[in-house]
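This structure is a prediction, so every number in the text was calculated from the model and none was measured. In each ligand, atom 1 is the first atom listed, and ligand 1 is the first ligand listed. Hydrogens, waters and symmetry mates are skipped; everything else that's a heavy atom, side chains included, is used.
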Amino acid sequence: MNDLARRVWVVTFAALLIFVVYEIIKTVLFPHISVINSHVITVIVVAVMTFFVSRYALGRYGQALAEIQRQTAITEETNRLLAGVLATMREAVVIVDSQMRVALYNEAAARIFKLSVADAGKPGRGRKTSGNAVGEDTNAEQTNARSQLPPVGASSAADSPRIYRLTDATRDPAINSAFNRVLEDKAPVELRVEMAGRLGHSFQLHVAPLGQELAVGVFFDINQLERVERVRREFFANLSHELRTPLTAMLACSETLLEGAIDDPANRTRFLETLHKHAVRMNDLISDISDLSAIESGQVELALKPVALCSVVAHVIALVESRKADNDISFSTSIPDGMLVQADRTRLEQILYNLIDNAVKFNRPRGTVTVAAEEERAYVVIRVEDTGVGIAASDLTRVFERLYRSDKSRSRKTEGTGLGLAIVKHLVHAHGGEVSVSSELGRGSRFTFTMPVPARAVESGN
Ligand code: ADP
């Protein structure tokens, strides 16, 4: 019998006793009292007794109840904060209890595993359980339906959060045994896991004990990191190649000149021209690299003001034409008169120069280059389109990388540093715009970028 029940019994007996004594005293002392007066006195006595009984029986529990309410509020607040933190994490987090049941997970985990997104962030321990795990993945649902796994418990509430075994969420033996090991040994483990199936992702998994009964696993998506690392490696490999090619040619020319060609009037000019051409190429490459790193590190300050797009495009086309006097490419523009963009004029010229120059370089003989613009909400969308060789679908996502060339053998023959599109991407982003490309091999490419429309549509100083 608990303390509260014992107290209730004691005071009930005491009250009964007092009531009996009171009735006897009333009968002996006031034998002629009227029925109404007797009832009034009885009611008063019962009320007073009830008041003292309640205070005695429940007084101590009132404080305990307030404390429980306070603790519950703190726990709810902590859970809310924890759920918020887990929801914003890009890493998948799964907490498993000693019976290998999923006690808590976040949305990132629900997206990777066969877990319900709706139940993400809701503590699983001690809650009611229901049927199969239902994740976003329809395959997952089918797998679960096929496996007919019995629920860990039973529940009739259709909307109550579910409890999953870890094996319901993933059958990956490496993941399951990592959690098992941590729960048994109480020591953290770290491993790389390859997710089979359509995601085909690699994760670095850290599993660590959480108190005596739980283990927490954090899944770091390393695909992105690996991609960055690969791009960095390729950049340095390409850079040393790009520098070595002109340097080798310059060394060969200068050695030939030193070995006597300098006295050969017929050939020395040719060697000097080759030397100069490669020196110019190295100079271009190095100035592009320092330009790019200045833009990337935010050192370039943009002098933003309303700029008339038509005049910039006309200027850039004239510049490209003058530098490629022998080309037979025709240009067409479709830009509304007076269209303004909020941009740094010099940088906008640089963006357009790189795109239009590429559109000419990678065009077919007698091809065309079209520059068009239209306003869409707060942005001007500018397209540079060509009728050239096009870019393979597999290269489309990579052409904006530094020193990336879609067709190495062909591209090396055309002049250029391989940094133009990387510069375009960073400059467009610095203006608050976006850049993209679509292309069809053998038919041509279309580069699209956006520039903000000026807040006040009055052009100043162009
Ligand atoms: P570069 O032109 O100096 O080689 P870019 O960064 O400007 O360097 O371009 C990177 C690569 O993207 C080019 O080498 C080429 O393979 C491809 N590319 C860029 N623009 C076009 C285009 N309009 N048509 C076809 N391929 C292109």
Side-chain angles (χ1 to χ4, degrees), residues 231-232 234-246 277-278 280-296 313 316-317 319-321 323-324 327-333 347-372 382-430 434-449:
V231 168
R232 198 188 64 83
E234 282 181 16
F235 171 71
F236 284 112
N238 287 339
L239 183 63
S240 60
H241 180 89
E242 295 288 341
L243 288 172
R244 192 173 296 125
T245 310
K277 190 181 91 182
H278 288 293
V280 167
R281 184 170 163 67
M282 275 189 78
N283 185 53
D284 286 351
L285 186 65
I286 287 163
S287 68
D288 267 4
I289 287 176
S290 59
D291 205 17
L292 184 60
S293 69
I295 300 165
E296 271 183 327
V313 171
V316 172
I317 290 176
L319 200 66
V320 173
E321 278 186 309
R323 291 193 186 163
K324 298 192 189 325
N327 85 56
D328 54 359
I329 305 294
S330 53
F331 292 90
S332 96
T333 55
R347 296 299 181 175
L348 179 59
E349 279 176 12
Q350 198 177 358
I351 293 168
L352 283 163
Y353 185 89
N354 281 325
L355 294 178
I356 296 174
D357 185 51
N358 279 348
V360 171
K361 257 188 336 196
F362 300 104
N363 221 315
R364 61 174 163 75
R366 291 187 297 284
T368 51
V369 173
T370 309
V371 185
I382 304 155
R383 290 193 309 275
V384 178
E385 232 170 311
D386 65 62
T387 51
V389 292
I391 304 167
S394 56
D395 289 321
L396 278 180
T397 52
R398 302 201 61 191
V399 287
F400 292 101
E401 289 174 13
R402 294 170 294 181
L403 296 175
Y404 190 80
R405 290 168 191 255
S406 52
D407 177 342
K408 310 244 174 218
S409 53
R410 192 201 64 241
S411 293
R412 288 256 147 74
K413 283 185 212 132
T414 62
E415 79 266 29
T417 58
L419 291 166
L421 289 181
I423 291 176
V424 166
K425 183 180 90 176
H426 282 96
L427 281 178
V428 169
H429 286 174
E434 289 295 335
V435 62
S436 61
V437 57
S438 60
S439 184
E440 209 179 316
L441 266 184
R443 304 207 56 155
S445 311
R446 172 191 281 185
F447 286 83
T448 308
F449 69 99

Any N/O pair [X]/ligand 1 closer than 3.5 Å:
X    : answer
F447 : no
A422 : no
V389 : no

- prompt: How does D386 reach ligand 1, if at all, at less than 4.0 Å between non-hydrogen atoms: by side chain, backbone, both, or neither?
  reply: side chain
query: Would you find a donor on one side and an acceptor on the other, under 3.5 Å apart, between the side chain of D328 and the backbone of P365?
result: no
- request: Taking S439 for its side chain and G444 for its backbone only, find out whether a donor-acceptor pair lies under 3.5 Å.
  value: yes
message: Please determine whether side chain to side chain contact (heavy atoms under 4.5 Å, CB included) holds for the pair L243 and M282, giving the CA-CA distance in whole Å, both sets of side-chain angles, and the decisive distance to 0.1 Å.
response: CA-CA 7 Å; L243 288 172; M282 275 189 78; 4.1 Å; yes
Can you list the ligand 1 atoms lying under 4.0 Å from a non-hydrogen atom of [X]?
X    : answer
G390 : 25 (C)
V399 : 12 (O)
L419 : 6 (O), 8 (O)

- prompt: At the 4.0 Å heavy-atom cut-off, does I391 count as touching ligand 1?
  reply: yes
field: contact_flag K361 ligand 1 heavy-atom lt 4.0 Å
entry: yes
field: Salt bridge present between R281 and E242 (N-O < 4.0 angstrom)
entry: yes
statement: To atom 3 (O) of ligand 1, the nearest of A392, G418, A359, G444 on a heavy-atom basis is G418
- request: Quick one: closest heavy-atom pair of Q350 and L427, and the distance?
  value: OE1-CD1, 3.5 Å
- request: Please determine which of L355, V320, I329 meets the side chain to side chain contact (heavy atoms under 4.5 Å, CB included) test together with V369.
  value: I329
task: Please indicate whether R398 has more than 12 foreign heavy atoms, meaning atoms of other residues, nucleotides or ligands, lying under 6.0 Å from its CZ.
output: yes
